[in-house]
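The structure under discussion appears below in the form of structure tokens.
Note that the structure is a prediction, hence the values are computed from the model and not measured. Any value given below was found using the heavy atoms of this structure, including those in side chains, with hydrogens, waters and symmetry copies removed.
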Amino acid sequence: MHLVPADRAGRRTIDGHRVCDAIAAVGEPERVRTWADRFSLLSDPGRLSLLLAVHEAGPIAVSDLAVATGMRDTTVSQALRLLRAAGVVEGRKDGRIVRYHLVDGPVAALLEHCKSAGTGDGRVRPHRSEG
């Protein structure tokens, strides 16, 4: 059990190799925090709707996102400001219009997975891991 930190080394385990695999999967606390922050951004239905729309439609203006999601322009702008500050989206000026696009690769991969995992009835198929 070479991956168990010294402060936990004396604790009883059932399957030591699984403990090491689990520790390796969790990784560094900063990596976990980064992913928790990403999931926090995705946990809001409005922001998730915007991200799904931006992911699918490509560079898109605030007013178009508002129409697509049924949100108000100001609400869309506020959400995009948060997503931009988090480094998930970027805006590019096109004359007087700013068009937003997704720039966070891991978030894009999650959105793609969400899109492909839907069953058509609003439910997501569970991931089956080998036991």
Side-chain angles (χ1 to χ4, degrees):
M1 295 203 343
H2 67 285
L3 294 178
V4 176
D7 65 329
R8 293 181 249 162
R11 295 172 73 180
R12 181 171 103 60
T13 63
I14 307 299
D15 296 311
H17 69 283
R18 292 192 188 273
V19 172
C20 289
D21 290 346
I23 289 170
V26 170
E28 295 298 320
E30 184 56 35
R31 178 175 161 252
V32 173
R33 168 72 9 223
T34 298
W35 275 103
D37 290 344
R38 280 186 178 120
F39 282 118
S40 176
L41 287 171
L42 298 173
S43 70
D44 176 76
R47 287 191 302 264
L48 181 56
S49 294
L50 290 170
L51 287 170
L52 288 165
V54 169
H55 176 65
E56 188 63 28
I60 185 169
V62 170
S63 58
D64 293 342
L65 281 168
V67 171
T69 60
M71 299 166 67
R72 295 180 189 263
D73 286 18
T74 55
T75 305
V76 170
S77 292
Q78 289 172 354
L80 288 170
R81 191 173 313 124
L82 179 70
L83 294 169
R84 194 174 58 242
V88 178
V89 299
E90 281 183 356
R92 286 201 183 122
K93 279 217 164 242
D94 182 11
R96 292 178 22 200
I97 298 170
V98 178
R99 298 182 195 279
Y100 288 87
H101 64 279
L102 200 58
V103 293
D104 186 313
V107 168
L110 282 172
L111 294 171
E112 192 61 35
H113 178 73
C114 289
K115 188 174 93 172
S116 66
T119 61
D121 60 3
R123 294 182 296 164
V124 175
R125 286 183 238 122
H127 174 71
R128 302 276 187 225
S129 61
E130 295 183 28

Open item on the list: Could you report the tightest heavy-atom contact between P106 and R38, atom names first, then the distance?
Closed with: CG-NH2, 3.6 Å
Task: Main-chain N/O of V107 paired with D104 side-chain donor or acceptor, under 3.5 Å - done: yes
Task: Rounded distance (nearest 0.5 Å) linking atom CG of L41 with atom CG of L50 - done: 11.5 Å
TODO: Spell out, yes or no, whether L102 and I97 are grouped together once hydrophobic residues are joined by side-chain heavy atoms under 4.5 Å, including indirect joins.
DONE: no
Open item on the list: Starting from W35, can I reach L51 by hopping between I/L/V/M/F/W/Y residues whose side chains sit under 4.5 Å apart?
Closed with: yes
- [ ] Flag yes if V103 and V98 sit in one hydrophobic cluster, no otherwise; membership is Ile, Leu, Val, Met, Phe, Trp, Tyr, and two members link when side-chain heavy atoms are under 4.5 Å apart.
- [x] no
TODO: Please report the shortest heavy-atom distance between H55 and A108, naming the atom on each side.
DONE: CE1-O, 3.7 Å
Task: Which residues share a side-chain hydrogen bond (donor to acceptor under 3.5 Å, both in side chains) with D37, sequence neighbours left out - done: R33
Identify all side-chain donor-acceptor contacts of residues 73-90 below 3.5 Å with residues at least two apart in sequence or on another chain.
residue : atom : partner : partner atom : Å
S77     : OG   : D73     : O            : 3.1
R84     : NH1  : Y100    : OH           : 3.0

Open item on the list: Quick check for you: to the nearest 0.5 Å, what is the distance between D21 atom CG and I23 atom CD1?
Closed with: 9.5 Å
TODO: Answer whether the closest heavy-atom distance between the side chains of V19 and R8 falls below 4.5 Å.
DONE: no
Open item on the list: Tell me if a side-chain donor or acceptor on D44 pairs with a main-chain N or O of G46 at a distance below 3.5 Å.
Closed with: yes
Open item on the list: Contact between L48 and C114 at the side-chain level, heavy atoms closer than 4.5 Å - yes or no?
Closed with: no
